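A, B, ... follow the sequence lines: proteins, then strands. Residue 1 opens every chain. Heavy-atom basis, side chains included; hydrogens, waters and symmetry copies ignored. The structure displayed is predicted, hence computed values, not measured ones.
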Amino acid sequence: MKKMHNYYETNIRAMEVDVFVLDFSYDVEERSPEIYIWGISREGERVVILEKEFRPYFYALLETDTDPETLATEIKGLSKPQSPITDVKLLEKKYYGEPVKTLRIQTIIPAYVRIYRDQVAKLKGIREVLEADIRFYMRYSIDSGVKPFHWLKAEVEEDELGGLRVKKCYKLKKILKIYEANPPIMRTMAFDIEVYNKYGFPDPKRDPIIVIGVWTAEGPRQFINLRGDDIEVIRDFVKFVVDYDPDIILGYNSNGFDWQYLTERASSRNLKVDVGRKVGSEPSQGTYGHFSIMGRLNVDLLGFAEGVEEVKVKSLDNIADYLGVVPKASRVNLEWYQIPEYWADPKKRDTVLKYNLDDARSTYLLKDVFLPFGEQLTIISGLPLDQLPMASVGYRVEWLLMREAYKFNELIPNRLERPHESYKGGLVIEPKPGIHENVVVLDFTSMYPSIMVKYNIGPDTLVRGECRDCWTAPEVGYKFRKSPDGFYRRILKVLLEERKAIKEKLKDVTDEYERRRLEERQKALKVMANAFYGYMGWLNARWYSKEGAEAVTAWGRETIRKAIEMASGMGFEIIYGDTDSIFVKGDLSKVGRLVEEITSRLDLEIKVDKKYKRIFFTENKKRYAGLTEENKIDIVGFEAIRGDWCELAKEAQRMVIETTLLKGVDEAVKKAKEIIMRIRRREFNLQELVIWKSLEKSLEEYEVDAPHVIAAKKAMSSGYVIMKGGKIGYVVVKGVGKVSDRVEPYFMVKDKNRIDVDYYVDKQIVPAVLRILEPFGIKESNLKGGGMDILSYFRDR
DNA sequence: AACTGTGGCGCAAAAG
DNA sequence: CTTTTGCGCCACAGTT
């Protein structure tokens, strides 16, 4: 009777659903793990699919002379009642392409994998223990093929909702299909918090939140601390998030500040930041400082902004301004140290509120710039969108590789501690100094990935000793077997071919939405493919191969040498070259033939990247400036585009470069003299003199008292916190002694007259300008002489 | 004792 | 990932 009933029920409830996968998480319920697949159904409902059957496991790689049966029994003997070893199975797998015998050891609770791993590793007859360090939800995603931002068609049964803030909860019965299609509309919310910071860097135990600003498709919302107590602010904000129910929560440095502060502040006030889709779950800090929110994607856009190299100080206002999302002129601009003063003054308080909303709005609007690319990177790498911005390039590549390894029945190597070992890199050609007319830049397309594919490079294709059918790398002599395809080649081929196909398809697509999607996919594929070489030479990489990385650069050097040889053979003059490019001058009508010749003879694609009407080089490599065919001025490598020179020096150099290219050296000298005189007359803003540097280490680690380190220490002692990786802006003031003794954080200097003008002229403007003009015979005295006016002479003494 | 020149080294940031 | 550049500190040697 009971059985009949169940059968009947199952038939009624079993159904098919289509769900767009947002994220994964897992929980251990009643001593067994459950995987949550959070998503949006075809009908637009927020749903979760539970997978209760999947179990954690790892592999033990056997020595050749071991008997699997005996070892399996021995391993089973390690079983603990809290999480028994449920299965030990002998499997044929591949390790670096070689067939191997492994035991697959399965348990119940994910945390026990580590415990069993350590015990199994000590047993006799075990060569290595593998795949024990893969996160459980990741393990599931790899094995099941369920990937974020893909659709999942599945047979499910409806389940109890029990404390989940979704429309439906299903139990997974069977995966029917995983496919890519247009994503549903995702509800997106941006937020930003402002904190009382009168006593320097805010402390969550002491300083209240003064306002939380929110921006959504429906516009702004604000939670303001009116009574000096922020309990209600936090409570209202949490309620708002739960009610609005966003799929994506955007912030700017929200992993580094907002979530940290909010959770600490809340816990010190006995509140819970219960904003997840599971009741009672708080944002939890996972790997690399990222905060996970159950069922939602917590995306910190700062991670994407790091990729915008043109902007040196990656503050929200700078990034939003540069990308044209919110121009600085159209928003409230406040420095962090002005907040307490403005907040305390009833007449100025409104400015703080506007400032907060401008930040929330900027964050919200930045989504259109960053998310389409992020979506594509998620689809390709399989790394959930919320982890993507924090993950380094290496980890993005590795996620893709791990998924592919599973498909190929390859074991995933362990992460190893390796000592640093350097190897030779790309070839840089000595530039021909001076001004050149009509120079063409030829670029090998995706040189390193193409070389990896062409010569089948990788740790699994490397042959030590004799080899009949191998490619041999020049200079270093490493050999790689020609067939079958190695791990890297197989994956790279797919990426490069897909990119080619997309570029082809783009020629016919007119739909704007589809064009954008393909454009971003194409970019993401390029970024991923180009990251493979760097990944292979990354000490932390699971598929590290020094020999591989060394061979890639060696073939690269050979390729560029051959290209140069062919170009000069055709009568071209080589002006410069770096790694995968050559700058040539000569009969431009023959460039097309040169391109064809190189491409066919070297079997690597080269193309015209740029044409310069006029270009100049100094004696230095990696530095030049040119006027393109489109009358744009390109500046490469010089101070003008570096983040660690003051704006004034950069502007002066930019001016000199432009004038030199367009009007000639004499005119440029005149301009430079004018600028120097202006500074001597103190006609500048303090902002233009700030020198920004990042702190690559924590302050104690520095061995020398470099100026930026001293400036950071001064900032620290006045209450400002600068962490490792942060940026410090400083100016040089008058006084005696080393530069280090005369630096001060820019926000601590209010009086323009304290500035050491001589430093800025002699160590910033003159060197920057001379870098361009010196090759033309201009000396320091030509710039400084004859321009000193009496007035400033007296004022400076 | 105070200054100047030099070369090594630490450090950051660019190109590819 | 390597290559390249350049500033400033630091120690040292030689000079005034």
query: Does a nitrogen or oxygen in the side chain of A/Asn620 sit under 4.0 Å from OP1 or OP2 of C/dT4?
result: no
query: Does one side chain, of A/Asp580 or A/Tyr448, offer a donor that lies under 3.5 Å from an acceptor on the other?
result: no
- prompt: Nearest-Å distance, CD (A/Gln653) to P (C/dT5)?
  reply: 15 Å
task: Please state how far atom NZ in A/Lys693 lies from atom C1' in B/dA14, giving the value in whole angstrom units.
output: 13 Å
field: Per A/Arg623 side chain, nearest of listed nucleotides C/dT5, C/dT4, B/dA12
entry: C/dT5
query: Between C/dT4, B/dA13, C/dT3, which nucleotide gets closest to the side-chain atoms of A/Lys424?
result: C/dT3
- prompt: Has A/Lys432 got its NZ or CZ under 6.0 Å from the middle of the six-membered ring of A/Phe617, at an angle within 45 degrees of the ring axis?
  reply: no
task: Indicate the atoms forming the closest heavy-atom contact of A/Ala768 with A/Glu639, along with that distance.
output: CB-CB, 4.5 Å
message: Within 45 degrees of the ring normal and closer than 6.0 Å to the centroid, is that where the cationic atom of A/Lys693 sits relative to A/Tyr730?
response: no
- request: Kindly say whether A/Lys424 contributes a backbone atom to a donor-acceptor pair with the side chain of A/Thr553 at under 3.5 angstrom?
  value: yes
- prompt: C/dC1 C1' sits how many Å from A/Tyr535 OH, rounded?
  reply: 13 Å
task: Rounded to the nearest angstrom, tell me the gap between atom CZ in A/Phe638 and atom P in C/dT5.
output: 11 Å
Any donor-acceptor pair under 3.5 Å from A/Arg642 side chain to A/Lys650 backbone: no
query: Distance check: side-chain N/O of A/His708 vs OP1/OP2 of B/dC11, anything under 4.0 Å?
result: no
query: Which of these, A/Lys503, A/Arg521, A/Gln522, sits in a side chain to side chain donor-acceptor pair (under 3.5 Å) with A/Glu498?
result: A/Arg521
query: With a 4.0 Å cut-off on heavy atoms, is A/Val636 in touch with a base, just the backbone sugar-phosphate, or nothing at all?
result: sugar-phosphate
query: Closest to the A/Tyr423 side chain: B/dG16, B/dA12, C/dC1?
result: C/dC1
- line: Whole-Å distance, A/Met447 CE to C/dT2 P, equals 18 Å
task: Just call it for A/Lys546: base, sugar-phosphate, or nothing, with non-hydrogen atoms closer than 4.0 Å on any strand.
output: nothing
- request: Take the protein atom CD1 of A/Ile429 and the nucleotide atom C1' of C/dT3, then report the distance between them rounded to whole Å.
  value: 13 Å
task: Verify, without hydrogens or angle tests, whether A/Tyr576 (side chain) and A/Tyr624 (backbone) share a donor-acceptor contact under 3.5 angstrom.
output: no
message: Is there a side-chain contact between A/Tyr576 and the phosphate of B/dG16, meaning an N or O under 4.0 Å from OP1 or OP2?
response: no
- prompt: When all nucleic acid strands are considered with a 4.0 Å heavy-atom cut-off, which category describes A/Ile641: base, sugar-phosphate, or nothing?
  reply: sugar-phosphate
field: Distance in angstrom units between A/Lys622 NZ and C/dT3 C1', rounded
entry: 5 Å
field: Summary of protein contacts for nucleotides 7-16 of chain C, nucleotide by nucleotide, where a base hit scores B, a sugar-phosphate-only hit scores S (4.0 Å, heavy atoms)
entry: SSSS------
field: Listed nucleotide nearest any side-chain atom of A/Ser694, set B/dG16, B/dG10, B/dA13
entry: B/dA13
- prompt: Using a cut-off of 4.0 Å on non-hydrogen atoms, how would the nucleic acid contact of A/Tyr624 be classed: base, sugar-phosphate, or nothing?
  reply: sugar-phosphate
message: Rounded to whole Å, how long is the line connecting atom CG of A/Asp578 with atom C1' of C/dT5?
response: 13 Å
